[in-house]
Protein chains: 2
Amino acid sequence: MTVDSRRTDTRERALAVALELFAQQGYSVTSLREIAERLGVTKAALYFHFRTKEEILTAILRGYLDGIAALVAEAEAEPRSPERQERLLRRYAAHQEQWGSDLALLVRQNATEIHDLPIAAEIKEVMQSVITVVAPPGATAAQRLRVRTALTTFQVAALSALRDDEGDEAELREAALALALELVRGETAG
Amino acid sequence: MTVDSRRTDTRERALAVALELFAQQGYSVTSLREIAERLGVTKAALYFHFRTKEEILTAILRGYLDGIAALVAEAEAEPRSPERQERLLRRYAAHQEQWGSDLALLVRQNATEIHDLPIAAEIKEVMQSVITVVAPPGATAAQRLRVRTALTTFQVAALSALRDDEGDEAELREAALALALELVRGETAG
DNA sequence: GTCTATATATGGATAGAC
DNA sequence: GTCTATCCATATATAGAC
């Protein structure tokens with residue numbers, strides 16, 4: 001075997017474990033000890049891969065954010081039209097699905113902690129650009145509220161899917177997309 | 001003066017301070033020391049009024065929850081109709097406004113911590129009954145998603161109001177109510 | 001890359017005086 | 001009702017061996 005017995009993918013595994021724990025328990029409640037235990041290493045080992053606890057959270061957000069930024073860049077290359085609007089929403093929904101409900105939970109439940117990170121400004125900027133692409137130029141506050149609500153629909157669906165009595169995940173995802181489309185299409189009415 | 005120089009309203013003031021800090025920083029990040037400092041007392045003084053930190057959080061949620069439960073009870077006393085549905089939503093919006101954006105933030109940002117409290121079951125039950133009153137009996141998952149989204153609209157608006165570039169609070173509140181009504185009215189289409 | 005051991009800080013909570 | 005002082009658990013982070 002060319003692979004050393006010592007693990008060399010600890011960093012990636014740590015990010016996966018941290019994502020799950022940060023999402024389900026919260027960032028500040030989750031200790032490095034807990035993450036290390038799940039990985040089968042010690043706290044000190046984690047400090048070889050990350051300089052601080054915040055760096056772990058930042059690394060998780062990095063990949064997710066880059067994905068959204070790519071969606072926006074694609075959309076901005078196309079001419080403004082209802083079709084472009086719809087395509088972006090579908091890509092956004094697919095992106096959310098790909099990253100799973102854990103990341104939606106992570107962002108929602110650790111908003112304050114994330115707000116203090118250097119990456120926060122970038123997140124705000126990117127989400128702003130998502131809204132700008134979907135909402136018409138010079139949109140009113142009410143119209144922008146429709147777009148914001150449309151984007152949160154996927155989060156609401158992801159959270160509902162965690163309940164036993166709200167239907168299966170696929171069904172909810174489909175419903176969320178339909179609802180989001182309805183919201184942005186009706187935006188001239190806002 | 002019949003009022004003793006020693007404060008006798010520390011409990012209420014503590015709840016107000018805790019609400020603000022829990023909402024803006026998060027429950028687990030906020031220490032009792034910090035709450036005590038803002039009140040001008042020591043940690044030990046807080047323990048005269050509350051047995052644990054969790055009891056503070058629970059006490060905050062208590063008043064809010066009782067308010068919603070009262071709304072539901074009122075609605076359940078009326079016969080099912082589109083008017084009843086709309087009345088409940090308007091009362092719900094007014095209740096959210098009365099409690100302010102801090103409580104919306106508190107619930108949203110400390111969902112996991114709240115989930116572990118004894119009062120969590122009660123909260124889930126009450127929110128469930130809100131949905132049951134608004135959604136038609138035997139509603140599909142998609143229809144219930146519309147109702148859930150309608151209720152979160154007020155939160156989205158409250159959060160948007162905290163931004164400088166999203167219009168003033170009153171404007172957003174009005175838009176949120178209109179959007180929520182649109183969502184529940186169109187529910188047979190879901 | 002990972003370990004043991006430790007420095008250092010802070011948290012929730014309690015005891016007992018006033 | 002509030003204080004000082006303290007217990008105890010746990011946290012982040014580092015030092016240095018392997």
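Computation of the quantities below employed the complete heavy-atom set of this structure, encompassing side-chain atoms and omitting hydrogens, waters and symmetry-equivalent molecules. Chain A is the first sequence line, chain B the second, and so forth, proteins listed ahead of strands; every chain is numbered from 1. Nothing here was measured: the structure is a model prediction, and the numbers come from that model.
Of the candidates C:dG1, D:dT2, C:dG12, the closest approach to any side-chain atom of B:His49 belongs to D:dT2. Taking every side-chain heavy atom of B:Leu32 into account, C:dG12 is the closest of D:dA15, C:dG12, D:dA13. Of the listed nucleotides (D:dG1, D:dA11, C:dA15), D:dG1 has the atom at the smallest distance from the side chain of B:Phe48. Distance from the side chain of A:Lys43 is smallest for D:dA13 among the nucleotides C:dG12, D:dA13, D:dT2.
Backbone-only contact: A:Thr30 has heavy atoms under 4.0 Å from sugar-phosphate atoms and none from a base.
If you take CG of A:Leu39 and P of C:dT2, they are 9 Å apart, rounded to a whole angstrom. If you measure from atom OH of A:Tyr47 to atom P of C:dC3, you get 15 Å, rounded to the nearest angstrom. Rounded to whole Å, atom P of C:dT2 lies 13 Å from atom CZ of A:Arg11. Atoms CZ (A:Arg13) and C1' (C:dT2) sit 12 Å apart, rounded to a whole Å.
Between A:Arg33 and A:Glu37 there is a salt bridge, since a side-chain N of the basic residue sits under 4.0 Å from a carboxylate O of the acidic one. A salt bridge is absent between A:Glu113 and A:Lys53: the closest approach of a Lys/Arg side-chain nitrogen to an acidic carboxylate oxygen does not fall below 4.0 angstrom.
Two residues, B:Val29 and A:Val41, neighbour DNA chain C, and the one matched to the more 5' nucleotide by heavy-atom proximity is A:Val41.
For A:Glu34, the CD atom counts as densely surrounded, since its 6.0 Å shell holds more than 12 non-hydrogen atoms of other residues, nucleotides or ligands.
An OP1 or OP2 oxygen of D:dT10 is reached within less than 4.0 angstrom by no side-chain nitrogen or oxygen of A:Ser31. Not one side-chain nitrogen or oxygen of B:Arg33 sits closer than 4.0 Å to the OP1 or OP2 atom of C:dT10. Contact annotation: A:Thr52 does not reach the phosphate of D:dT12 (side-chain N/O to OP1 or OP2, under 4.0 Å). Residue B:Thr42 places no side-chain N or O under 4.0 Å from the OP1 or OP2 atom of D:dT2.
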Test log, rule side-chain contact (heavy atoms from CB on, under 4.5 Å), inputs A:Leu177 and A:Phe154: CA-CA 7 Å; A:Leu177 181 58; A:Phe154 304 113; 4.2 Å; yes

